[in-house]
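Step one of this worksheet: look at the structure below.
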Amino acid sequence: MAGAAAEQRRLAGVVESWQGRPVLVIGDAMLDEWRFAESDRLCREAPAPVLTLRRRISAAGGAANTAVNVAALGGRAVLVAPVGADVAGDELHDCLDRAGVWDRTVNQPARPTPVKRRMLAGNQILLREDSGEPDDPLDPDGVQRLLTALDCATEELRAAAGGERPTLVVCDYGLGALPEPVRAWLVANRERYATVALDAHDLADWRGLAPTVVTPSFAEATRLLARASGSARRTTGPDLHLDHPDGDPADGPSELSVGAAPGDRAPRAHSVQGPGATHRAGDPIDHATANPDGHATPTGLDGHATAGLNGHGTAGLDGSATAARLDRTGPTGEAAPDRVALTGDGLSVAATGLTVSAADGEAVDRAKVAESRLAELHVHTGADVVAVTLDTEGAVVGGADGERRRSHSTPVPASHAVGAGDAYLAAMTLALAADAPLSTAAQLAQLTATITVSDTGTCVCRREDLLAALDRPHRDGEHPVLVDAAELAAIVAEHRRAGRAVVFTNGCFDVLHRGHVRYLEQARTLGDLLIVAVNSDESVRRLKGPDRPVNPVEDRAALLGALSYVDHVVVFEEDSPAELIRAVRPDVYVKGGDYPPEMVPEAPLVRRLGGQVRTLGYVPDRSTSRIIDRIRAHGQERDSDPSFSSKPS
């Protein structure tokens, strides 16, 4: 646990290092209004509840909430955004003042402040009323005043930071706060900002910005890939083609049609409508579920089948036999939901317009699809870091150098997660601005988002809460190193909520040697938590023979637990760790050996659960069998040499 405690201290040091870091946030600001009511009867006019308003809360939303999170996490936040000269605008100014955000918003008398009003009863959202139209453009005077405010705020932050270039966060949710002249100004003045983060519903509008990091949702990422495919037909193989419609609408998803190439008599995939791009059959994405008859059944995001048992046909998330389409961006700039249409005939599966090959035992997984397209997203966005957010499934983060990171989140009611993406963006930006490694930035961003979703309301993470969360999981004596399976499941769930990546390995570890030590040390670098599962004595006898193990499981587990980079040790009785793998659902499963991951027996199960499989080479000439053989050979030499018998014992 010493290694884990050191890691926690390192993460806390990053949080401390971004204290006071200058951050300019520009984009679509809005007001979140929460109305909490009670209901104990239905009205006579309709089967609708009669509500009695008990409490009303206003909070900053959109770009304003990102600025609030930057300030709450310890950064020096400045907000530049158009805000209406109305009651909602006044409330938004109050929210910014209370949060300590430098309010450099520009009043726009002709444009109302966007508002999202939610009515709740018993923490259940009953309805939401949105106001504010995305097609109300800023007038030329408003655009000029916004540019002036942007220029002045940049210099103000730089002066306050002693000449240090500030960080820029762009929040473009399609509400008209960032018209073309403003986008052009930001691109032309990119060098005035050290770190640039971009969160945009339509990433194609920001070509040329060269951001440090982009944080698209899965729908936004696939929409960008669809547009990048161009309007021309692309051939993706002998039997699949992609049709992209003419035009490039700015506010809605593209429509893709995947089917038989011209002249093909037997189409292998049916029509799919939804944002995305085509993945060539045979590329390393293979997500479908095989039926006993050998056909592939399309599966939904939750892993359940959404098509008939014969593997044919098309079904949406609701199980209907029609292709699903992503909704267009709503009037208040809300991202389109990640709805998926899937098709399959035993040869291929298409998800959100992404055609992927099918493999037995695999399920369609948004994280795997996103990970497979990270390189393209880097190219199309020009970003150093791409973080594809998957709402309740966490995020997939990739660096330009090929480094990848998978983080997880805990499912919560939708009313608890409003604004969690703003908290994620704020923490990711601050960490990268503080020169934190990609893995650290991803972990802190996921942890920040996770600890904000404990209650209903717009999510804000305070610096104190983040530091407390970093300290809690590894207080001395809270979690023992040696645990049983039930304890391990609870511990892993806690680490999942904190956004940590779990590494899992197993083995007999009969005689702990240098090869084991090096192997486990390397395994620990692949994530944040290393769990070692050890075969019981009976299990070792079944696998290795009646003369093994040499050391009882109590000794083997104690020695493993003494290694600083091993966080937890668990003993299992079975010959295979499959049940433990199902319980832990590791992000990375590690085995030792010089064979490819495909030969690891547990690989299909791990991948089906969303994890990766890695094999690490052993240290040459170091193995338990060799050590035991040398000991036995030495003992035989003693028995056969008379000189040993004459020496006193």
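Here the structure is a predicted model, which means the values were calculated and not measured. For reference, positions follow the sequence shown, starting with 1.
If you check the side chains of Tyr193 and Thr212, you find no donor sitting under 3.5 Å from an acceptor. Under 3.5 Å, the side chains of Asn65 and Thr458 contain no donor-acceptor pair of N or O atoms. Looking only at atom types and distance, the side chain of Tyr424 has no donor-acceptor partner in the side chain of Asn69 under 3.5 Å away.
The existence of a salt bridge linking Arg406 and Glu371 is excluded, since no basic side-chain nitrogen approaches an acidic carboxylate oxygen closer than 4.0 Å. Taking 4.0 Å as the cut-off between side-chain N and carboxylate O, Asp94 and Arg98 do not count as a salt-bridged pair. Ion pairing between Asp151 and Arg192 holds under the 4.0 Å rule for side-chain N and carboxylate O. By the 4.0 Å N-to-carboxylate-O rule, Asp528 lies close enough to Arg405 to be salt-bridged with it. By the 4.0 Å N-to-carboxylate-O rule, Glu16 lies close enough to Arg463 to be salt-bridged with it. A salt bridge is defined here as a Lys NZ or Arg NE, NH1 or NH2 lying under 4.0 Å from an Asp or Glu carboxylate O, and Glu129 with Lys116 fails to meet this definition. With salt bridges taken as basic N to acidic carboxylate O contacts below 4.0 Å, one links Asp587 and Arg496.
Panel note: side chain Asp28, backbone Tyr173; a donor-acceptor pair is recorded below 3.5 Å. In this structure, the side chain of Thr381 engages the main chain of Ala383 through a donor-acceptor pair within 3.5 Å. With Arg223 contributing its side chain and His201 its backbone, the two residues share a donor-acceptor pair below 3.5 Å. Side-chain atoms of Asp86 come within 3.5 Å of backbone N or O of Thr113 as a donor-acceptor pair.
Considering only heavy atoms from C-beta on, Leu146 comes within 4.5 Å of Val80 through its side chain. Counting heavy atoms from C-beta outward, Ser439 and Glu403 have side chains that approach closer than 4.5 Å. Looking only at side-chain heavy atoms (C-beta outward), Cys459 and Val453 come within less than 4.5 Å of each other. Counting heavy atoms from C-beta on, the side chains of Thr429 and Val70 never come closer than 4.5 Å. Side-chain contact between Arg158 and Arg165 is present, with heavy atoms from C-beta onward closer than 4.5 Å. Residues Ile531 and Val502 form a side-chain contact, since some pair of their non-hydrogen atoms from C-beta on lies under 4.5 Å apart. Counting heavy atoms from C-beta on, the side chains of Leu126 and Leu120 never come closer than 4.5 Å.
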- Where do Thr525 and Tyr565 land on the side chain to side chain donor-acceptor pair (under 3.5 Å) test, with the steps shown first? CA-CA 9 Å; Thr525 66; Tyr565 29 83; over 6 Å; no
- Message: Apply side chain to side chain donor-acceptor pair (under 3.5 Å) to residues Arg10 and Thr440 and explain how you reach the verdict.
- Response: CA-CA 9 Å; Arg10 187 182 67 81; Thr440 299; 2.8 Å; yes
- CA sep, side-chain torsions, deciding dist, call: Leu377, Leu224, side-chain contact (heavy atoms from CB on, under 4.5 Å): CA-CA 8 Å; Leu377 291 170; Leu224 175 67; 4.1 Å; yes
- Glu91 vs Ser58, side chain to side chain donor-acceptor pair (under 3.5 Å): CA-CA, chis, key distance, verdict: CA-CA 7 Å; Glu91 291 193 52; Ser58 294; 2.5 Å; yes
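For the side-chain contact (heavy atoms from CB on, under 4.5 Å) test with Leu198, the passing option among Leu168, Leu186, Val170 is Val170; the others fail.
Geometrically, Arg366 engages Phe218 in a cation-pi contact, judged by NZ or CZ lying under 6.0 Å from the ring centre and within 45° of the ring axis. For Arg55 and Phe36, the positive end sits near the middle of the six-membered ring, less than 6.0 Å away and at most 45° from its axis.
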